[in-house]
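Got a structure here, written out as structure tokens. Questions coming.
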Amino acid sequence: MSVPKKITPEIVAEHGLSADEYKLVLEIMGREPSMTELGIFSVMWSEHCSYKSSRVHLKKLPTKAPWVIQGPGENAGVIDIGDGQAAVFKMESHNHPSFIEPYQGAATGVGGIMRDVFTMGARPIANLNALRFGEPSDPKTRHLVSGVVAGIGGYGNCMGVPTVGGEVNFHASYNGNILVNAMTVGLADSDKIFYSAAAGIGNPVIYVGAKTGRDGIHGATMASAEFTEDSEEKRPTVQVGDPFTEKLLLEACLELMATDAIVAIQDMGAAGLTSSSVEMSSKGGLGIELDLDKVPVRETHMTAYEIMLSESQERMLMVLKPEAMDEARAIFDKWELDFAEIGVLTDTGHLVLKKDGEVAADMPVAPLVEKAPLYERPWIPTPLQAEIAARDVPAPNDLLAALKTMIGSADLASRRWVWEQYDHLVMGQTAQRPGGDAAVIRLPGISKALAMTSDCTPRYVFADPKRGGAQAVAETWRNLTAVGAKPLAITDNMNFGNPQRPEIMGQFALAIEGMAEACKALDYPVVSGNVSLYNETNGKGILPTPTIGGVGVMADVGRMATVAFKAKGEKVLVLGETRGWLGQSIFLREIQGQEEGAPPPVDLGAERRIGDFVRGLIEAGEVVTCHDVSDGGLLVAVAEMAMAGGIGATLTTPAGAVEAHGFWFGEDQARYVIAVPAKAAEATEAKAAAAGVPVMTLGETGGDALSLDGRAAKLAELRSEHEAFLPRLMGAA
Amino acid sequence: MKAAIVVFPGSNREVDAKVALKQATGKDPVMVWHRDTSLPKVDLVLVPGGFSYGDYLRCGAIAANSPVLREVKARADAGMAVIGICNGFQIVTEAGLLPGVLLRNANLKFVCRNVGLRVETSGSRFTAGYKKGQVLSVPVAHHDGNYFADPRTLDELEAEDRIAFRYCGPEGRLDSIYNPNGSIRHIAGILNKKRNVLGLMPHPENAIEPMHGSTDGKALFKSMVEAVS
Amino acid sequence: MKARIHITLKNGVLDPQGRAIASALHALGFSSVGDVRQGKYIEVDLTETDKTKARSAVEQMCGKLLANTVIENYSIDLVD
Amino acid sequence: MKARIHITLKNGVLDPQGRAIASALHALGFSSVGDVRQGKYIEVDLTETDKTKARSAVEQMCGKLLANTVIENYSIDLVD
Ligand SMILES: Nc1ncnc2c1ncn2[C@@H]1O[C@H](COP(=O)(O)OP(=O)(O)O)[C@@H](O)[C@H]1O
Ligand SMILES: [Mg+2]
């Protein structure tokens, strides 16, 4: 048992609390806190739980729309998708754990986000993952890629949830700090959503799932050494995931949710029993009393401090109706999971923890939450870079040779090596597999489907955070549109450096501004999200990476569009304006070796007009082949369509266009390439013109090569360049 | 035809299998929980894919020792049809209903993709709907599908026409580049001596409608139904 | 009592894990490495205090569940 | 020379496999079984004949590749 200890400034600092914050603790408590109480403050006031640096900015994001059932603030966002159904989704980071132990770090990240979604009453139907690694040549990269991908697959595959999409980038700024962002989309009945607000004084508080061990205890260095009797070896702070137990927990929870037993439910995420019990009671405006001796533990002599701060995985906290206890217990028995009544809701407004007959903590809940520090940290805007005109960028001798280099480069190469390690087909509803613009998952029994994607172009955000923030949102919207879905809402994962540096805080503030503008213009609110700060090593931040996860819906999966060319002799058109924007382009970086210039402007009005037009064509069944234009520009987009379909194309640089390399490799936004039967092309062009959508003919499908202005590259050759990068990097690993 | 699907803690393709059986039979199969000690009277038991008991220890080993499997075994010995898909193949193999074992994939990685499958025999109630030599496109999704048995067993399987499917290229050619897991002699599925038990790694239940990109799995379920009616 | 159980692949059974480890070690420059075989090591705590009974129980555990005797051998050490 | 390497989970690290094995053994009626922990057992053939050099090489192999020292411990036996 813990010896009452004098709390020194060192102990306070080790708990991540500033002197001012500790003063506030003393004020709230009216006395010196116990170690357990200090631990709880430290967790609740951490950046992760309190959003103390980010909250003032996050408030600027639009979160409402008629179809939003639950915006940010719960375990996951919920949107109405019609027919009495709701999509429940969120994205979360596991960056730091994944760098230390890539397999378990990534695996437990996936486990955590799935719990967030099924806590709301939804069955997870798809997972996505957005990954950022250091340079391919960095000696650690290979090990990290291999472990992270295996960990994501290891957890998701075992859960039987298909992993259908994501993104992978490589950049030196992530050498010492990779990003692992995992997203889960779930499906629920819109009138059967479960929330975390506790209610009903006297109702029992139930712990279910796996046992509590000393996993990942915050501040483990000092806390465990001080408080455990056996200090023979330094405790590892990484958590080990057990997807099998989580699968049982999922099935047991969903079975219980089909009954009427649950008053409130909350998963034990990063801050374990602490944040779950505090959040449930604070949302319900109640007190809560827990008997920590009743918590199922995996190890002997666990202290109150350790039990409250443990980050053991695969656990949930629930408030049940007393009369439903037996029924609930039977369900958890069936699934062979722990089920323990560990406490009760009270009218005291206090969190009271008992351990070994003593009171280990007694603290008011409301101020713990409401008085959490909130910082308006100073920030400075990112200096903007000059625009780069295509004519000022040297043209390559051979556009097709440049294309080959680009599609074989780290950021554009095929991700097949990654997604083939993920079961992307389980559940039998995968209508669009990884490799297209967005994944599409049909809903069981009907022809409706959800489309989902994750996107961010960190180099744009770095060069111009506001533009980059808007671009990330717009790109997800475009990717959903390109398969024929109506984009409904987003989740976000804000990965940034140290917020105490004004230039980093500037990136954050401006990226949010850009995102907010795009969300508003596109009627595309934010319903959930996550913030991960302090992503830096040796004072060098990562590229600012606000990863966006978008979800949309389509009425008829039979009309879904895919990127693959489907027939010979079709006309290839580009919709949207091509101005040859080479600043921050892949062309500039991979061919000219420059990471420079202003990123492409995002015209949200054009974005919406053109996207709505394209979606209209797809919904009308007039277009089944569509690909948005993003990294690498037009020629890369067309090459991807040709490789996917196994059908080539003959292209001609339009007369009067900008410089050819600007035209083919520029990264102007709000563009889509479509292929339509030759006889329909004229009508499509006329419609586009009528809708104010710029349209241009690029060429015609056919053959087994991509020909451009008389030169040709065989598809087989392009494909082998495109497919080679990851297998080569990863070797036999 | 009446069919049952055995569900273990950690099974995850039982619903996919249910949909496929329903499509073929017009009826919902009975779902049997692993703790059940008796099986309903059925013509077919399907052991589905997934990660029974987390695939801990060895894939399928813990499930193979469950009470319900003892019952499945007794029925199979009496001639009832049993099909084990993926984890189900591992389970029935561990239970001794089929010879050999499924080792970790040769490159140690999970693999999910469509593979070419060559039908090696149409002489079974499972494969009667295919022509010998026909090439199918069916997905695999597994970490441990690397079939292994000693040469004598393999020769026996071949001599008795008990290899049901082999991994192959689009034209039916056998080559290690088409083999997703390193399985010996490119074996993807095998039959028992009495030909009433089939184990296979690929997922025919994920190739039964145009949206799946292939409907080549349908005939397998149809054959099983026709065999009893 | 505690049983320490080693489970190893029989001779002639392909060992993909062992092979992969060997080639990874070679790639790391460990040129003196020859064959590598990977097996399992399981520790089982037993309340049984009689050594003969304990051994026979662990034998059964191995035969029934812990090892797949088609491809694996096992060996048992008992320690107090 | 041959190195026999045992890789086990550190104290306090969750061992889902061990737990699953324990409950499977209970279900099979082995009631005297308590805790079960699963580790790896790796045999590496070495052409190196000098014991000291061999040990230092195997130490390196463990640290770099064979064990995940964040969550695992290892021990090495050398035999001729
Ligand atoms: N980590 C990953 N997991 C699964 N799928 C991925 C992953 N990374 C990329 N993909 C898939 O590869 C395809 C190409 O990705 P990307 O180039 O980022 O697409 P886009 O440029 O259209 O956003 C997409 O279908 C995407 O979902
Ligand atoms: Mg796209």
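Here is how names work: the chains are called A, B, and so on, in the same order as the sequence lines, proteins then strands, and each is numbered from 1. As the structure is a prediction and not an experimental result, all values here were calculated from the model. No hydrogens, no waters, no symmetry mates; every other heavy atom, side chains included, goes into these values.
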*Do other residues, nucleotides or ligands put more than 12 heavy atoms under 6.0 Å from the NZ atom of Lys448(A)?*
yes
*residues 44-64 of chain B: residues contacting chain A (heavy atom under 4.5 Å, by number)*: Phe51(B), Tyr53(B), Gly54(B), Tyr56(B)
*Taking Arg442(A), Arg416(A), Met427(A) one by one, which has the highest count of heavy-atom pairs under 4.5 Å against chain B?*
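Looking at each option in turn, the highest pair count goes to Arg442(A).
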_Value rounded to 0.5 Å, distance of CG in Asp423(A) from CG in Asn12(B)_ = 7.0 Å
*Which atom of Leu425(A) lies closest to which atom of Pro139(B), heavy atoms considered*: CD1-CB, 3.4 Å
*Glu209(B) versus chain A, heavy atoms under 4.5 Å apart: side chain, backbone, both or neither?*
side chain
_Those residues of residues 166-182 of chain B, ordered by number, that approach chain A below 4.5 Å (heavy atom to heavy atom)_ =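 Hits under 4.5 Å: none found.
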*Check whether Met560(A) gets within reach of chain B through its side chain, its backbone, both or neither, counting any heavy atom under 4.5 Å.*
neither
*Measure Leu248(A) against the heavy atoms of chain B and call it side chain, backbone, both or neither at under 4.5 Å.*
side chain
*asked:* Name the residue from Gln421(A), Arg433(A), His424(A) that meets the side-chain contact (heavy atoms from CB on, under 4.5 Å) definition with Cys112(B).
replied: His424(A)
_Which one wins on heavy-atom pair count under 4.5 Å against chain B: Val440(A), Thr430(A), Val426(A), Val161(A)?_
Val426(A)
*side-chain contact (heavy atoms from CB on, under 4.5 Å) between Gln429(A) and Val15(B), intermediate numbers included*: CA-CA 11 Å; Gln429(A) 304 292 351; Val15(B) 177; over 6 Å; no
*With respect to chain B, which residue among Ala150(A), Gly428(A), Gly153(A), Pro243(A) yields the maximal number of heavy-atom pairs within a distance under 4.5 Å?*
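Option with the greatest count: Gly428(A).
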*For the pair Glu336(A) and Arg35(B), evaluate side-chain contact (heavy atoms from CB on, under 4.5 Å) and give the outcome as yes or no after the intermediate values.*
CA-CA 11 Å; Glu336(A) 295 175 48; Arg35(B) 279 207 207 140; 2.9 Å; yes
*Answer with side chain, backbone, both or neither: which region of Ala431(A) has an atom nearer than 4.5 Å to a non-hydrogen atom of chain B?*
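For Ala431(A), backbone and side chain are both near chain B.
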*Give the minimum heavy-atom separation between Trp417(A) and Lys109(B), together with the two atoms involved.*
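Closest pair (atom of Trp417(A), atom of Lys109(B), distance): NE1-CE, 3.6 Å.
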*Checking Asn114(B) against chain A: side chain, backbone, both or neither under 4.5 Å from a heavy atom?*
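Both parts, heavy atoms under 4.5 Å.
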*Might you work through the side-chain contact (heavy atoms from CB on, under 4.5 Å) test for Glu420(A) and Phe110(B), ending with a clear yes or no?*
CA-CA 7 Å; Glu420(A) 282 193 349; Phe110(B) 189 97; over 6 Å; no
